[in-house]
2 protein chains.
Amino acid sequence: MTTIDSGVRQRTRRAILEAAATLWARDFSASLGDIADRAEVSRSTLHRYFPERQALVDALLLDSQAQVETAWDAAVAASSTPIETVENIMTAIVDLADQILFLFSDPARFAGNPNWRDDEDEALPDLIRAAQRDGDLDPAIDPAFVIGVMYSLIYVTAESVSTGALPRHKATETLVRVFRHGLSPRA
Amino acid sequence: MTTIDSGVRQRTRRAILEAAATLWARDFSASLGDIADRAEVSRSTLHRYFPERQALVDALLLDSQAQVETAWDAAVAASSTPIETVENIMTAIVDLADQILFLFSDPARFAGNPNWRDDEDEALPDLIRAAQRDGDLDPAIDPAFVIGVMYSLIYVTAESVSTGALPRHKATETLVRVFRHGLSPRA
DNA sequence: TGAAAATGGGACACTGATGTGTCATTCTTC
DNA sequence: GAAGAATGACACATCAGTGTCCCATTTTCA
């Protein structure tokens, strides 16, 4: 178990993490039994991979942060200006809505957890301020508020996509448009 | 108990409902003990007012809907155009963020509950469409998406106000501004 | 094919939340 | 000051979620 990592184990582990993200994004009190059902795995198996509930929480925390970071870095690499970077990050993260909700829906959820990193806590406000200096975002609006709007719009967009109300490209297009127009310095 | 409604009982009842709204808005699995603590009341007293958990849920459901309806009607009465009505509703509802979260954060929470009413389910989309016809909102954006943006912005604004990041008038001003600009038909 | 790995499922104890009831104390109100 | 309302503090039973074993069965792979 410590040295061997068969493909089977990886797939099972991933299925459990996916199920946990889906359920815990909406309801963090969802039981391990619910998660096991969703992952199409017995509760025994779930406990073999994650002995305690906290172990699954920690694993999902690390996994979610890694996924977000990957998408984040790709968005940064593909952008040239601050506003473009912010918009690309939003678009990229729409697909990680479950992970975002799990990570950020309750600010106190991971307080004191050694695995919690708020790396971007400074990177994002810096980006916002840079975009404000460039004249692409209204400098009168508190960066923290801008970030709140960002995550809100991401969540709304992800909902629209997951319910099938809008195709992904159309939804993200609207997302970026609403964000840019809503927070632009133009009166 | 059935005929008498002393001021004491009303205050205690209200304190419990307030506490439940505050806690359940963020975490619907919060225990009755937590709510009793928050309301500064013993768990015994809470059970005297609401014999079962479900009784408290139903009472809060009715109370929240009534509060929202009151604020809603006042906003409608004070407005003359569809877009103005929508904006006034948003501003009024910022103070009811806990109730809004309790009512709408989980679409399935009240499925099948006889006390659940979605009266505004048609009133709001109608308002949106009217504002779109007036040229105040972009007709290319799905009304359901507009409503999602509305509630998201209300939540972000309420957060800013409750954490003290922004004074209420400044926050609501930004709220309306972002909404109008973000969804305006102007390119 | 046969061993090892992986899984399913049941039994069990433990814990926290819940629902019910009783009794003593505090507070209103006349 | 006395009667009744309101509350707090316990005690107790119940129940769902959790964590731990154990064993039979299935799947994987050399």
Side-chain angles (χ1 to χ4, degrees), chain A residues 1-61 63 102 106 108-113, chain B residues 1-61 63 102 106 108-113:
Chain A
M1 188 185 72
T2 50
T3 53
I4 302 176
D5 259 346
S6 76
V8 182
R9 284 193 69 84
Q10 284 306 309
R11 280 197 305 276
T12 303
R13 181 185 150 90
R14 184 114 302 277
I16 295 173
L17 288 174
E18 281 298 321
T22 302
L23 296 185
W24 281 349
R26 271 86 184 175
D27 177 13
F28 190 51
S29 69
S31 75
L32 299 182
D34 291 339
I35 293 174
D37 288 347
R38 175 97 187 192
E40 294 181 300
V41 155
S42 74
R43 198 165 66 89
S44 302
T45 297
L46 189 150
H47 270 103
R48 277 191 201 94
Y49 284 77
F50 307 99
E52 309 157 302
R53 183 187 173 98
Q54 188 59 44
L56 178 53
V57 172
D58 291 341
L60 183 56
L61 173 57
D63 184 71
F102 169 72
D106 181 4
R109 184 174 294 173
F110 304 116
N113 190 311
Chain B
M1 188 185 69
T2 49
T3 54
I4 304 176
D5 259 345
S6 75
V8 182
R9 284 191 68 84
Q10 284 306 309
R11 280 198 305 275
T12 303
R13 181 186 151 88
R14 183 114 302 277
I16 295 173
L17 288 174
E18 280 299 321
T22 303
L23 296 184
W24 281 350
R26 271 86 185 174
D27 178 14
F28 190 52
S29 69
S31 75
L32 299 183
D34 291 338
I35 294 173
D37 288 348
R38 175 96 188 193
E40 294 181 302
V41 153
S42 76
R43 198 166 67 86
S44 304
T45 297
L46 190 149
H47 273 290
R48 276 190 201 95
Y49 283 78
F50 308 98
E52 310 157 302
R53 183 187 173 98
Q54 188 59 45
L56 178 53
V57 172
D58 290 341
L60 183 55
L61 173 56
D63 185 71
F102 169 72
D106 181 2
R109 183 174 296 172
F110 303 116
N113 189 312

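Proteins get letters first, then strands, A, B, ... in listed order; numbering begins at 1 in each. All figures in this text were calculated on a predicted structure; none of them were measured in a lab.
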- Message: Output the rounded distance in Å from CZ (B/R43) to P (D/dA9).
- Response: 13 Å
- Message: Minimum heavy-atom separation for A/R13 and A/A59, please, with both atom names.
- Response: NH2-CB, 4.3 Å
- Query: Is the distance from OP1 or OP2 of C/dT7 to the nearest side-chain N or O of A/Y49 less than 4.0 Å?
  - Reply: yes
- Picking from C/dT20, D/dT7, D/dG17, which would you name as closest to the side chain of A/S31? D/dG17
- Gap between atoms CG and C1', on A/D37 and D/dG17 respectively (whole Å): 13 Å
- Starting at CZ of A/R13 and ending at C1' of C/dA6, how long is that distance when rounded to a whole Å? 16 Å
- Item | A/E40 CD to C/dG9 C1', straight-line distance once rounded to whole Å | 17 Å
- Message: What does the B/S/- profile of nucleotides 21-30 of chain D look like, 5' to 3', with a 4.0 Å heavy-atom cutoff to protein?
- Response: ----------
- Item | A/R53, nearest nucleotide to its side chain (from C/dA6, C/dT18, D/dG19) | D/dG19
- When rounded to the nearest 0.5 angstrom, what is the spacing between CZ in B/R109 and CG in A/D27? 8.0 Å
- Message: Whole angstroms only, please: what is the NE2-P distance between B/H47 and C/dG19?
- Response: 6 Å
- To the nearest angstrom, how far is B/L46 atom CG from C/dT20 atom P? 13 Å
Side-chain donor-acceptor pairs of residues 15-24 of chain A under 3.5 Å, sequence neighbours excluded:
unit_1: A/T22; atom_1: OG1; unit_2: A/E18; atom_2: O; d: 2.9
unit_1: A/W24; atom_1: NE1; unit_2: A/A30; atom_2: O; d: 3.1

- Message: Ring of A/F28, cation from B/R26 - is the NZ or CZ under 6.0 Å from the centre and inside 45° of the axis?
- Response: no
- Query: The side chain of B/S42 lies closest to which of these nucleotides: C/dA11, C/dG19, D/dG8?
  - Reply: D/dG8
- Ring-face cation contact, A/Y49 with A/R11, 6.0 Å cut, 45° max: no
- Item | Rounded interatomic separation in angstrom, taking CG from B/D27 and P from C/dA17 | 11 Å
- Note on the structure: Separation of C/dA17 atom C1' from B/D34 atom CG, nearest Å, is 10 Å
- Message: Just N and O in the side chain of B/T12: are any of them under 4.0 Å from OP1 or OP2 of D/dT7?
- Response: yes
- Item | Spacing of CD belonging to B/E52 relative to CG belonging to B/D58, to within rounding of 0.5 Å | 9.0 Å
- Item | Separation of A/I35 CD1 from A/R43 CZ (nearest 0.5 Å) | 12.0 Å
